[in-house]
Amino acid sequence: MVDAPVGIPESLVTTLQNARGIAVLTGSGISAESGVPTFRDAQTGLWARYEPQELATPEAFARDPRLVWEWYAWRRELVEQAVPNPGHRALAVLENRVPGVVLITQNVDGLHRRAGSQNVTELHGNITRSKCSVEEVVVEPREDDTDVPPSCPNCGAFLRPDVVWFGEALPVREFEEALEAARDCDLFFSIGTSGLVQPAASLALDALRNGAVIAEINSNQTPLSPYAEYLLRGRAGEVLPALMETAFGRDLGGHGG
Ligand code: BV8
């Protein structure tokens, strides 16, 4: 195990440059530097007294649809004000420089696509989309609908955020894509995730079982750390650009965001 608090290990650069297949799993830590609170940070202000796992459930929505809708409206506002950070942009560069990179995210903030990544698998949905809570189709509220939550224009049921709540199954196609990428890769990056939420957290071990090298980029230790060949301790917004620059040179090309 190579524990590189700041520097980028040469052998990781070589592995990155020669990798046959790369899979990347990101969590809320990669969006922290864009001002999007992680799940384990204390929620701020009004939401300080709620646990995300209490609000991000079908039961909470059934019990208090207004509270849950307002919590997501607050988070959606944060996400819409957020800007992709150098960590997101470095992953867009990686996708440009290495064919076939699969970016799997647990995040629902859409910042990877806004940073220029094209091939993004959103395991837990996307907070900027709404869907009918009965028909499960993605649909936006009518302009003049000021109810909280708003109603489905088709059937009148409550709308809900198009995210996967605790206790809900992940989207089948996305999870199969993620499993395939984890099993086919020879280099698996776990970036900014505490690795506590299943089944996303099992992807890294799937990769390991299939012979991949694990590289973890995180400001803290996680349950995955003991299995990682490379532990890059630090902020994704600093480590990822340094890694890409070392591996691919400075002219990283600009990316929108
Ligand atoms: C399912 C969308 C079954 C919603 C999310 C007991 C044991 C095992 C599993 C379970 C169990 N009991 C219940 C379960 C299952 C449950 C689960 O895993 N629970 C956990 C809490 C134990 N999982 C589920 O319910 C899943 N569904 O199992 O369904 C099923 C099957 C068939 C049919 C029906 C049902 C669904 C899980 C998805 C939940 N939805 N998000 C929303 O956003 O509101 S999960 C949500 O939390 C995120 O998407 C993300 O996945 C997770 C938070 O994790 P992280 O992203 O890792 O964030 P966290 O804050 O924890 O960590 C941040 C990390 O970044 C830290 O390590 C920190 O050090 C680091 N960091 C911070 N800053 C930086 C940084 N690193 C680098 N740079 C920085 N700057």
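For ligands, and for the atoms within them, numbers begin at 1 and follow the listed sequence.
Remark: among candidates Gln53, Glu216, Gln221, Gln106, the nearest residue to atom 49 (O) of ligand 1 is Gln106, based on non-hydrogen atoms. Comparing Gly125, Pro161, Ala169 by heavy-atom distance to atom 31 (C) of ligand 1, the nearest is Ala169. Comparing His124, Glu238, Glu51, Arg233 by heavy-atom distance to atom 41 (N) of ligand 1, the nearest is His124.
Of all the heavy atoms in Thr222 and Thr193, the pair that sits closest is CG2-O, 3.6 Å. The minimum heavy-atom distance between His124 and Val108, with the atom names listed, is O-CG1, 3.2 Å. Between Glu216 and Ala228, the closest heavy-atom pair is CB-CB, 4.1 Å. Nearest heavy-atom pair across Pro153 and Val139 is CD-CG2, 3.8 Å. Pro223 and Gly195 get closest at one heavy-atom pair: CG-O, 4.5 Å. In this structure, Ser151 and Gly156 approach most closely via the heavy-atom pair CB-O, 3.6 Å.
Listed by number with element, the atoms of ligand 1 under 4.0 angstrom from any heavy atom of Asn218 are 66 (C), 67 (O), 68 (C), 69 (O), 70 (C), 76 (N), 77 (C). The atoms of ligand 1 that sit less than 4.0 Å from any heavy atom of Ala32 are 73 (N). Here is the list of ligand 1 atoms found below 4.0 Å of a heavy atom in Gly27: 56 (O). Ligand-side atoms of ligand 1 in range of Glu33: 78 (N), 79 (C), 80 (N), range being under 4.0 angstrom from any heavy atom. Atoms of ligand 1 found under 4.0 Å from any heavy atom of Thr193 (numbered from 1 in listed order, with element): 55 (P), 57 (O), 64 (C), 65 (O), 67 (O). Atoms of ligand 1 found under 4.0 Å from any heavy atom of Ala56, numbered from 1 in the order shown, are 44 (O). Heavy-atom proximity to Gly234, at under 4.0 Å, picks out these atoms of ligand 1: 77 (C), 78 (N). Near Tyr72, meaning under 4.0 Å from one of its heavy atoms, ligand 1 places the atoms 4 (C), 42 (C), 44 (O).
The side-chain heavy atoms of Val24 and Thr26, taken from C-beta on, include a pair separated by under 4.5 Å. Side chains of Glu136 and Cys132 form no contact here, defined as non-hydrogen atoms less than 4.5 Å apart.
The protein atom (non-hydrogen) at minimum distance from atom 79 (C) of ligand 1 is Gly29 O, 3.2 Å. Among protein heavy atoms, the minimum distance from atom 64 (C) of ligand 1 is reached at Gly192 O, 3.5 Å. Among protein heavy atoms, atom 23 (N) of ligand 1 sits closest to Gln198 O, 3.0 Å. Nearest non-hydrogen protein atom to atom 71 (N) of ligand 1 is Ser219 OG, 3.3 Å. Scanning the protein heavy atoms around atom 61 (O) of ligand 1, the nearest turns out to be Arg40 NH1, 2.2 Å. Protein heavy atom nearest atom 52 (C) of ligand 1, with residue, atom name and distance: Val197 CG2, 3.5 Å.
By the definition of a contact as any protein heavy atom under 4.0 Å away, atom 12 (N) of ligand 1 is not in contact. When distances from atom 77 (C) of ligand 1 to the protein are checked, a heavy atom turns up under 4.0 Å. Proximity of atom 36 (C) of ligand 1 to the protein is indicated by at least one non-hydrogen atom lying closer than 4.0 angstrom. Atom 5 (C) of ligand 1 is flagged as protein-proximal [any protein heavy atom, distance under 4.0 Å].
Looking at Ser11 and Tyr230, their side chains do bring a donor and an acceptor atom within 3.5 Å of each other. Inspection of the Ser28 and Asn107 side chains reveals no N or O donor paired with an N or O acceptor under 3.5 Å. If you check the side chains of Ser117 and Glu95, you find no donor sitting under 3.5 Å from an acceptor. No side-chain N or O of Gln118 forms a donor-acceptor pair with one of Arg113 less than 3.5 Å apart.
Look at Gly167 and you'll find a heavy atom under 4.0 Å from some atom of ligand 1. Using a 4.0 angstrom heavy-atom cutoff, Pro52 does not count as in contact with ligand 1. Look at Ala200 and you'll find every heavy atom at least 4.0 Å from all atoms of ligand 1.
The aromatic rings of Phe61 and Trp165 sit tilted, their planes meeting at an angle between 30° and 60°.
Ligand 1 has a nitrogen or oxygen under 3.5 angstrom from a nitrogen or oxygen of Phe39. By the 3.5 Å distance cut-off applied to N or O atoms, Arg75 is counted among the residues near ligand 1. At least one N or O atom of Glu168 sits closer than 3.5 Å to an N or O atom of ligand 1. In terms of polar-atom proximity, Ala236 is counted as a contact of ligand 1, with an N or O under 3.5 Å from an N or O of the ligand. Taking distance alone, with nitrogen or oxygen atoms compared against 3.5 Å, Ser28 approaches ligand 1 more closely than that limit. Distances between N or O atoms of Val164 and those of ligand 1 include at least one value under 3.5 Å.
Salt-bridge annotation for Arg63 and Glu59: absent, with no side-chain N of the basic residue lying under 4.0 Å from a carboxylate O of the acidic one.
At a heavy-atom cutoff of 4.0 Å, ligand 1 is contacted by the backbone of Leu196 but not by its side chain.
How far CD1 of Ile191 is from CG of Leu103: 8.0 Å, rounded to the nearest 0.5 Å. Atom CD of Glu238 and atom CG of Leu243 lie 13.5 Å apart (nearest 0.5 Å).
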Kindly indicate, with the supporting measurements, whether the criterion salt bridge (charged side-chain N to carboxylate O under 4.0 Å, His left out) is fulfilled by Glu140 and Arg129. CA-CA 7 Å; Glu140 292 309 322; Arg129 290 192 306 261; over 6 Å; no

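For Tyr50 and Trp71, the ring centers sit 6.0 Å or farther from each other.
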